[in-house]
Structures are given as C-alpha cells and as structure tokens.
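Below you'll find the structure, written out as structure tokens, and then a few comments.
Atoms considered below: every heavy atom in the structure, side chains included; atoms not considered: hydrogens, waters and symmetry mates. Letters A, B, ... mirror the listed sequences (proteins, then strands); counts begin at 1.
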Number of protein chains: 2
Amino acid sequence: MDAFERLTRYGIKPSVQRMAIMEYLMTHRTHPTADEVYMALCGSMPTLSKTTVYNTLKLFVDQQAAQMLTIDEKNAHFDGDTSLHSHFLCRRCGRVHDLPYSGKKREARELLIEGHAVEEIHHYYKGICKECHEKENQN
Amino acid sequence: MDAFERLTRYGIKPSVQRMAIMEYLMTHRTHPTADEVYMALCGSMPTLSKTTVYNTLKLFVDQQAAQMLTIDEKNAHFDGDTSLHSHFLCRRCGRVHDLPYSGKKREARELLIEGHAVEEIHHYYKGICKECHEKENQN
DNA sequence: GATTAAAAATGTAATGATTACAAATTTGAA
DNA sequence: TTCAAATTTGTAATCATTACATTTTTAATC
C-alpha cells in the first residue's frame with residue numbers, strides 16, 4: 001500500500017505535503033519527531049512549513065492513520081504503524097525501538113478496564129538499547 | 001512510613017520543602033503536575049519557589065523515590081508510588097487513574113527484552129474514565 | 001555564640017516545542 | 001473563468017521546563 005492509498009483509506013484528502021509526510025512515516029520506521037520529519041523533507045520541499053508538518057501529523061493522529069508516542073518527555077514522536085506493539089526508548093542514543101506487544105491479548109480486545117473505557121494502549125520501556133550496550137562493552 | 005523516613009530511606013537529605021512535597025505526593029494519589037504541587041503548597045509556604053518544586057521532583061525521580069509519568073503530552077505528572085502499576089489518562093477530565101499492572105509478571109523481572117536493557121516500565125491507557133462515562137450517561 | 005563553607009532555595013531570564021492566527025496559495029466545483 | 005472552501009505558510013504567542021546567578025539555610029568547627 002502506498003501513501004496515497006493509505007491517506008484515502010483513512011479519509012484524508014491527499015495533498016503533496018500530506019503524501020510526502022505519510023510517505024516518510026511509511027518508509028522510515030524511526031518514530032521521528034515533527035522536527036525530524038520537517039528536517040528530512042524541507043530539502044526536497046523548500047516551501048514546506050513546520051506548521052504544516054505539525055498540522056498534518058495531528059490530522060493523521062486524529063484520523064488514526066498514525067499514532068503519537070509520549071514516551072519521551074522532551075518531544076512527541078510519531079509512528080505510522082498503528083498496529084498494537086510496544087516501544088523502547090534508549091536514554092543513551094534517544095532512539096525509539098519497536099517491541100512486540102507483550103500484554104495480555106485479552107486486554108487488547110477489552111473496551112473496559114476497571115470500568116474505564118480504553119481507547120488507546122501505550123506500553124513504553126526505557127533503558128539502554130542493545131546497540132548502545134554492545135558499543136560500550138566492546139572496549 | 002512518613003515523609004521524613006521515606007526521604008532518608010532513598011538517600012535524600014530532608015528539608016522543609018522536600019518534606020512538604022513528599023508529604024503531598026504521599027497523601028494525594030492524584031499524580032499531580034509540578035504546577036499542581038506548587039499551587040497546593042504555596043498557600044501554606046508563601047516563599048516556596050516553583051523552581052524548587054521542579055528541582056525537588058527531579059531529585060525524587062533521580063533517587064527513585066518517585067516516578068515521572070509521560071502519559072500526558074501537555075505536562076509531566078508525578079507519582080510517589082513507585083511500585084509496578086499502570087495508569088489511565090482520561091481525555092475528558094484529564095485525571096490520571098491507577099490501574100493494576102496487567103503485563104506478564106515474567107517481564108517485570110526481566111532485565112533484557114529483545115536485547116535491550118530495561119530499566120523502566122510504563123503501561124499507559126487512554127480513553128474516558130468510569131466517572132466521566134457515568135456522568136454523561138445519567139441524563 | 002561566632003565563623004564559615006557547602007547545600008539548598010529562590011527569582012528571573014532563557015529555552016524550545018507546540019499552537020494560534022491571519023494572510024497567501026491551491027483546489028475543485030460550477 | 002470564477003469563486004468559495006480547503007490547505008499551506010510565516011510569524012507571533014504560549015507555556016512548561018530549565019539555566020543561572022543570588023540569597024538563604026544548614027551544620028560543622030572554633
């Protein structure tokens with residue numbers, strides 16, 4: 001599925017900017033921040049505005065074509081993969097890695113947990129990632 | 001256990017301000033923001049500075065006497081309960097509720113998940129809380 | 001009690017991510 | 001082509017958090 005198809009599937013009217021941003025999210029599974037998306041695209045789209053990036057990412061989240069990760073208190077990260085999975089934030093390199101969802105499968109189907117209507121599940125883990133750990137111990 | 005004992009147990013030298021902030025966290029399980037802690041205490045401690053609240057909460061987190069929740073993209077929330085449990089953010093009233101930890105018990109004891117060294121686990125759920133849900137449906 | 005150095009608290013100013021808003025541009029239907 | 005709606009853009013504001021310099025407190029020593 002390409003960016004165009006994904007946008008229309010989520011009820012988002014395609015535009016050059018929206019296509020470029022969705023394309024970036026789909027091809028870069030790095031959970032970028034709004035600023036990282038802007039920096040990556042402004043070279044090939046000189047007129048792109050940072051406001052547009054913020055607005056567009058917000059639109060994607062509202063339409064559930066992407067999710068916003070609040071794993072990092074510094075700034076929001078965005079993930080074009082809306083399937084149920086977990087995330088790991090490395091406090092050394094700052095990258096966000098994917099992890100398989102390890103919660104109870106039952107839970108993911110539940111609408112109510114302790115009486116609360118659950119609409120989003122975020123499982124975050126923080127520490128030192130594999131790559132950073134190996135880099136330190138190879139000396 | 002009182003605030004004084006809790007501070008010393010975590011290697012934090014007690015002071016009037018630190019005691020007051022820890023006391024507040026221990027008696028108010030509302031997961032307050034730094035600003036909420038400040039607003040609650042500045043009445044009885046007129047000289048209290050907001051910077052002190054920020055510094056002190058950061059100290060608590062560093063010493064693992066409290067945890068910072070990044071469940072809310074607007075601002076950080078703080079929890080004096082460092083035991084393993086989950087959190088629910090209501091997008092209606094904005095409150096953060098406690099939930100029992102529902103992840104695999106195995107996972108909580110693991111140091112490594114997919115090769116990454118896990119130091120913190122945060123399980124966040126978002127939606128409409130029980131109280132807000134009941135309030136809407138009683139009309 | 002006086003002295004003093006370290007620790008802690010304070011107030012103000014900066015930072016920086018995000019949002020508000022108004023103007024400019026683009027789109028698509030008529 | 002015309003025109004209104006949607007989208008994009010740039011700038012200015014907002015606001016949580018942090019940096020930093022100053023003041024105050026603490027606690028040890030004389």
Side-chain angles (χ1 to χ4, degrees), chain A residues 3-4 7-8 10-24 31-63 65-78 89 91 94 96, chain B residues 3-4 7-8 10-24 31-63 65-78 89 91 94 96:
Chain A
F4 180 90
L7 288 181
T8 51
Y10 282 96
I12 299 166
K13 199 195 290 185
S15 72
V16 175
Q17 291 85 348
R18 290 172 181 177
M19 295 265 289
I21 294 171
M22 178 54 81
E23 176 73 22
Y24 186 82
H31 315 90
T33 64
D35 192 65
E36 285 167 351
V37 172
Y38 172 75
M39 285 304 179
L41 297 179
C42 68
S44 53
M45 296 184 71
T47 68
L48 182 65
S49 158
K50 197 176 275 189
T51 297
T52 298
V53 175
Y54 274 102
N55 289 343
T56 302
L57 289 170
K58 186 180 193 319
L59 176 68
F60 290 178
V61 172
D62 288 346
Q63 300 291 78
Q67 62 175 322
M68 176 193 291
L69 307 182
T70 61
I71 194 172
D72 175 4
E73 73 265 27
K74 293 296 175 191
N75 37 36
H77 291 251
F78 294 88
L89 172 68
R91 56 164 111 275
V96 175
Chain B
F4 179 90
L7 288 181
T8 52
Y10 281 96
I12 299 167
K13 198 196 290 185
S15 72
V16 175
Q17 292 84 349
R18 290 172 180 178
M19 295 267 287
I21 294 171
M22 179 53 82
E23 175 74 22
Y24 187 82
H31 316 89
T33 63
D35 191 66
E36 285 168 350
V37 173
Y38 172 75
M39 284 305 178
L41 297 180
C42 69
S44 54
M45 296 184 72
T47 69
L48 182 65
S49 158
K50 197 175 276 190
T51 298
T52 299
V53 175
Y54 274 101
N55 288 344
T56 302
L57 288 170
K58 186 179 192 320
L59 176 69
F60 289 178
V61 171
D62 288 345
Q63 300 290 68
Q67 63 175 322
M68 177 193 290
L69 308 181
T70 62
I71 194 173
D72 176 4
E73 73 264 28
K74 293 297 175 188
N75 37 37
H77 290 251
F78 294 88
L89 172 68
R91 57 164 110 272
V96 176

With B:Ala34 via side-chain contact (heavy atoms from CB on, under 4.5 Å) - residues at least two apart =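 With sequence neighbours excluded, B:Ala34 shows a side-chain contact (heavy atoms from CB on, under 4.5 Å) to B:Val53, B:Tyr54, B:Leu57, B:Phe78, given in chain and number order.
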
message = For B:Met45 and A:Asn55, find the nucleotide of DNA chain C closest to each by heavy atoms; which residue's nucleotide sits nearer the 5' end?
response =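 Taking each residue's closest nucleotide, the earlier one in sequence belongs to B:Met45.
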
key: Contact nearer the 5' end of DNA chain C, comparing B:Pro46 with B:Lys74   =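 Nearer the 5' end of the strand: B:Pro46.
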
Taking atom [atom2] of [N] as reference, at what distance in whole Å does atom [atom1] of [X] sit?
| X | N | atom1 | atom2 | result |
| --- | --- | --- | --- | --- |
| B:Asn75 | C:dT19 | CG | P | 13 Å |
| B:Lys50 | C:dT10 | NZ | P | 14 Å |
| B:Asp62 | C:dA8 | CG | P | 13 Å |
| A:Glu36 | C:dT18 | CD | P | 11 Å |
| B:Ile12 | C:dA7 | CD1 | C1' | 15 Å |
| A:Asp72 | C:dA17 | CG | C1' | 11 Å |
| B:Met19 | C:dA8 | CE | C1' | 15 Å |
| A:Leu59 | C:dT19 | CG | C1' | 16 Å |

query = Are OP1 or OP2 of C:dT26 and a side-chain N or O of A:Gln17 less than 4.0 angstrom apart?
reply =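 So the side chain of A:Gln17 is outside the cut-off, no N or O lying under 4.0 Å from OP1 or OP2 of C:dT26.
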
query = Do any side-chain nitrogens or oxygens of A:Tyr54 fall under 4.0 Å of OP1 or OP2 in C:dT18?
reply =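 Yes, A:Tyr54 has a side-chain N/O under 4.0 Å of OP1/OP2 on C:dT18.
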
task = Classify the nucleic acid contact of A:Thr33 as base, sugar-phosphate or nothing, counting any heavy atom under 4.0 Å across all strands shown.
result =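 Result for A:Thr33 = nothing.
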
task = For B:Thr52, answer base if it contacts any base atom (sugar-phosphate contacts may also be present), sugar-phosphate if it contacts only those atoms, and nothing otherwise; contact means non-hydrogen atoms under 4.0 Å.
result =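 Result for B:Thr52 = base.
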
message = Using the rule given for side-chain contact (heavy atoms from CB on, under 4.5 Å), can you reason through A:Met45 versus A:Val16, listing the C-alpha separation, both sets of side-chain angles and the distance that settles it, and then say yes or no?
response = CA-CA 10 Å; A:Met45 296 184 71; A:Val16 175; 3.8 Å; yes

State the [atom1]-[atom2] distance between [X] and [Y], to the nearest 0.5 angstrom.
| X | Y | atom1 | atom2 | value |
| --- | --- | --- | --- | --- |
| B:Ile21 | B:Leu48 | CD1 | CG | 6.0 Å |
| B:Leu7 | B:Met19 | CG | CE | 7.0 Å |
| A:Lys50 | A:Tyr38 | NZ | OH | 6.5 Å |

Residue whose closest nucleotide on DNA chain D lies nearer the 5' end, B:Pro14 versus B:His77 =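 Per heavy-atom nearest nucleotide, the more 5' residue is B:His77.
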
request  = Report the residues that fulfil side chain to side chain donor-acceptor pair (under 3.5 Å) with B:Asn55, sequence neighbours left out, ordered by chain and then residue number.
outcome  =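 Side chain to side chain donor-acceptor pair (under 3.5 Å) check on B:Asn55 returns nothing, list empty.
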
inquiry  = Once side chain to side chain donor-acceptor pair (under 3.5 Å) is applied, do any residues pair with B:Asn75, and if so which ones, sequence neighbours excluded?
reply    =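 B:Asn75 satisfies side chain to side chain donor-acceptor pair (under 3.5 Å) with no other residue.
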
task = Evaluate the side-chain proximity of B:Arg18 to B:Leu59: yes if any heavy-atom separation is below 4.5 Å, no if none is.
result =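 The answer is yes; the side chains approach within 4.5 Å.
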
task = Answer yes or no: is there a side-chain heavy-atom contact under 4.5 Å between A:Val96 and A:Ile71?
result =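 A:Val96 reaches A:Ile71 side chain to side chain.
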
message = With heavy atoms of chain A within less than 4.0 Å as the criterion, where does contact along DNA chain D begin and end?
response =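 The footprint of chain A covers D:dA6 to D:dT18.
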
For nucleotides 12-15 of chain C, give me every protein contact, N/O to N/O, under 3.5 Å, one pair per line with atom names.
{"unit_1": "C:dT12", "atom_1": "O4", "unit_2": "B:Thr51", "atom_2": "OG1", "d": "3.2"}

Side chain B:His77, main chain B:His31, donor-acceptor under 3.5 Å =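 Such a contact is found between B:His77 side chain and B:His31 backbone.
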
ask   = What is the minimum heavy-atom distance between B:Val61 and B:Gln67, and which atoms define it?
value =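 Heavy atoms only, the tightest pair is CG2-C, 4.2 Å.
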
query = Nearest heavy-atom pair of B:Val37 and B:Pro32: which atoms, and what distance?
reply =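 Closest heavy-atom pair between B:Val37 and B:Pro32: CG2-CG, 3.7 Å.
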
message = From C-beta outward on B:Lys13, which listed nucleotide comes closest to its side chain: C:dT10, C:dA7, C:dA17?
response =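 Minimum distance to the B:Lys13 side chain belongs to C:dA7.
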
inquiry  = At 10 degrees resolution, what angle do the end axes of the helix from C:dG1-D:dC30 to C:dA30-D:dT1 form when each is taken over five base pairs?
reply    =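 Computed angle between terminal axes is 20°.
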
